[in-house]
Amino acid sequence: MFFFLIGSISIAQITPRIKTSIDSTTIKIGEQINYQINVEIDTTAQVVFPETKLFGALEVIESFETDTIPGLDKYRLIKKYGLTQFDSGNYTIPKLKVLINNKTYLTDSLTVRVNDIAVDTTQQKMYDIKPIVKVTKSYSDWWKYVLGILAFLGIVGALIYWFVFRKKPMSEEEKVALLPPFDRAMMELKKLEESKYLIQSEYKQYYSELTEIVRAYLEEDVHISALESTTDELITKIELLKDSGNLKIEDDTINSFKRILQTADLVKFARSKPEMKTADADRKAIEEIVIKTKEAIPEPTEEELQQTQEYQEELERKKKRKKILIVSILGACLIFISAGIFSAYYGFAYVKDTVLGHPTKELLEGEWIASDYGFPIVSVNTPKVLVRQSIPIPPEAKAMLKEMQFFAYQSRIGLFSIAVGSTTYNDGVELNMQGAIDGALQNMEKGGATNLVTKQEEFVTANGIKGIKTFGSGKFKVPETGEMLKGKYVLLVFGGKNFQQNVIITWKEDDSYADEIVERVLRSVEVKTE
């Protein structure tokens, strides 16, 4: 029992307890709320509380000193923050990282309601509106736009198929029009035989269709202008063809045809009414005339057949060219409309870089790698793995330096590069962080950098370690081409007893994708100090 109790006490001393609380879950716009983190720890534990400007969407307007309440064998640490928000709505204080002995613990998340307040502008003093803060456009609904574009492409494709490539069903008139002239004439004569014109004594309609059928046939197959010719003119043309040997037809056939045409003229213009038997006999006679005319037409020569074939092939080529032209125009319109839609939502530069490609955009949207580098460890997320570089220690520095480890990635296009270094010193060597910064800037100038503008500020990592951030702009030499380009740089330096850690990033100026990469890399930096 004694050893069991001793073990329980030991566990209680080792296991930290973290509690979070707020003094109110509902506030007015701009009103301060006090957020508190309570940590119960062992008396020897080291604790690092979060220090950021935002807890989720709530602004940290004040970070109070940590209160320490000693106990029998523990400490109770109380860390308070003053938070506010200038817009109404429901907000969540997310889970925050608390480092205890370099181990990460997460607090509970809490919800706060920010209510509107009525403002009397006659009594309330007015303040200037806060400046607009640029935010990154959310692409969480990208699938909706992709789905809409796919639906649009499907509709356009269906329309192209329906109006261009689909074999449309032909009407009866189109089927008849595609028949050879002789077959079409015989079919129409058959329909005339089955008509009710003679039963209803519609002789004018009957003879009009009869002569029109034979005239149309002669115009298509014999190639004479028959539809617009009078009876005498048509007979004269046929006789001339017979005399020239281009139509081998008998005189009896020509005379029979002339008689029927004259009868038709009398019916149409003199209102003559022949007997039904005569009208039926004239139809049969026309059938014979069409058949004999077909037989009288000379067979086409090989040259004529070839010309006909070439003509048909040319027609087919024209149809294909027309289809290709239609599809090309529709495709160009589709590309133009799609580009316009994407440009309106994502911006022209983003669409251009997506289509034509952009080196840093591909890095930003590719698969990132989280890894530890060097000793002491530098943890960082990068778009590409950093490769170990061989850097020998100069002889004059061996008395001071124990080991140098350097890892880097350099883009083949442009200025973008990331490097991480860890250096350990021999015992008794004092770390000069400003000297390290100056040395890094001198190395950049030796590499071709000019006109360096330098700024400095404190930098706190994700795990609460403080360092120095040196950043600015200048002109940098592209390693592949030697071209000088305007660029930016950032240098992080951390240090402790007998060691130093560096993170160096360079990138091209006015490269928004590189700016996002740098911001993401800096948010992920964590260093170990032991």
Enter the distance from [X]:[atom1] to [Y]:[atom2] here, rounded to the nearest 0.5 Å.
X    : Y    : atom1 : atom2 : result
K486 : D511 : NZ    : CG    : 15.0 Å
T20  : D108 : OG1   : CG    : 4.5 Å
D510 : L485 : CG    : CG    : 11.5 Å
M433 : I468 : CE    : CD1   : 4.0 Å
I41  : R17  : CD1   : CZ    : 13.5 Å
T68  : I78  : OG1   : CD1   : 8.5 Å

So does [Y] get a backbone contact from the side chain of [X], meaning a donor-acceptor N/O pair under 3.5 Å?
X    : Y    : result
N101 : K103 : no
T107 : K95  : no
W368 : L363 : yes

Please give me the minimum heavy-atom distance between [X] and [Y], naming the atom from each residue.
X    : Y    : value
G447 : K477 : O-CB, 4.1 Å
L452 : L441 : CD1-O, 4.1 Å
L492 : V525 : CD1-CG2, 4.2 Å
Q500 : Y425 : OE1-OH, 2.9 Å
G421 : F406 : CA-CD1, 4.1 Å
Q501 : S422 : CG-OG, 4.0 Å

Within the 3.5 Å criterion, strictly below it, is a donor on [X] or [Y] matched to an acceptor on the partner's side chain?
X    : Y    : value
S109 : T92  : no
D438 : Q442 : no
Q36  : N38  : yes

Tell me whether the count of non-hydrogen atoms from other residues, nucleotides or ligands lying under 6.0 Å of [atom1] in [X] goes above 12.
X    : atom1 : answer
Y75  : OH    : no
K528 : NZ    : no
F64  : CZ    : yes

- Query: What do the steps show when you test W507 against V518 for side chain to side chain contact (heavy atoms under 4.5 Å, CB included), and what is the final call?
  - Reply: CA-CA 9 Å; W507 70 100; V518 173; 3.5 Å; yes
- Begin with the C-alpha distance, continue with both residues' side-chain angles, and end with the deciding distance and a verdict on side chain to side chain contact (heavy atoms under 4.5 Å, CB included) for I93 and V112. CA-CA 8 Å; I93 302 174; V112 178; 4.1 Å; yes
- Assess whether side chain to side chain contact (heavy atoms under 4.5 Å, CB included) is satisfied between K19 and I37, documenting all intermediate values. CA-CA 6 Å; K19 293 181 180 179; I37 302 176; over 6 Å; no
- Name of the residue among I100, T66, V98, D67 meeting side chain to side chain contact (heavy atoms under 4.5 Å, CB included) with L77: T66
- Task: Begin from the C-alpha positions of E403 and Q405 and carry the test side chain to side chain contact (heavy atoms under 4.5 Å, CB included) through to its verdict.
- Result: CA-CA 7 Å; E403 185 179 9; Q405 299 178 63; 3.7 Å; yes
- Item | Pairing residues for F407 by the ring pair (Phe, Tyr, Trp, His ring centres under 6.0 Å) criterion, not counting sequence neighbours | Y373
Non-hydrogen side-chain atoms of [X] and [Y] separated by less than 4.5 Å:
X    : Y    : value
P376 : T424 : yes
L491 : V503 : no
I504 : I418 : no
S417 : Y409 : no
K402 : T423 : no

Determine, for [X] against [Y], whether the closest basic-nitrogen to carboxylate-oxygen distance falls under 4.0 angstrom.
X    : Y    : result
E316 : K320 : no
E516 : R520 : no
E457 : K469 : yes

Which pairs of donor and acceptor atoms, one on a side chain in residues 46-59, lie under 3.5 Å apart (sequence neighbours left out)?
{"from": "E51", "atom 1": "OE1", "to": "S63", "atom 2": "OG", "distance (Å)": "3.4"}
{"from": "E51", "atom 1": "OE2", "to": "S63", "atom 2": "OG", "distance (Å)": "3.4"}
{"from": "E51", "atom 1": "OE2", "to": "K79", "atom 2": "NZ", "distance (Å)": "3.3"}
{"from": "T52", "atom 1": "OG1", "to": "L54", "atom 2": "O", "distance (Å)": "3.0"}

- Note on the structure: Residues pairing under ring pair (Phe, Tyr, Trp, His ring centres under 6.0 Å) where one sits in residues 455-491, two or more places apart or in two chains, turn out to be none
- Message: Just to verify, what does T84 make a side chain to side chain donor-acceptor pair (under 3.5 Å) with, not counting sequence neighbours?
- Response: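 In terms of side chain to side chain donor-acceptor pair (under 3.5 Å), with neighbours along the sequence ignored, T84 is linked to no residue.
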Output a table of donor-acceptor pairs, distance under 3.5 Å, between side-chain atoms of residues 378-387 and any protein atom two or more places apart or on a different chain; print 'none' if there are none.
{"from": "S379", "atom 1": "OG", "to": "D372", "atom 2": "OD1", "distance (Å)": "2.5"}
{"from": "T382", "atom 1": "OG1", "to": "K384", "atom 2": "O", "distance (Å)": "2.6"}

Can you give each donor-acceptor pair under 3.5 Å made by side-chain atoms of residues 22-34, sequence neighbours left out, with the distance rounded to 0.1 Å?
{"from": "D23", "atom 1": "OD1", "to": "N34", "atom 2": "N", "distance (Å)": "3.2"}
{"from": "D23", "atom 1": "OD2", "to": "N34", "atom 2": "N", "distance (Å)": "3.4"}
{"from": "D23", "atom 1": "OD2", "to": "N34", "atom 2": "ND2", "distance (Å)": "3.1"}
{"from": "S24", "atom 1": "OG", "to": "T26", "atom 2": "N", "distance (Å)": "3.2"}
{"from": "S24", "atom 1": "OG", "to": "T26", "atom 2": "O", "distance (Å)": "2.7"}
{"from": "E31", "atom 1": "OE1", "to": "K28", "atom 2": "N", "distance (Å)": "2.9"}
{"from": "Q32", "atom 1": "NE2", "to": "N34", "atom 2": "OD1", "distance (Å)": "3.1"}

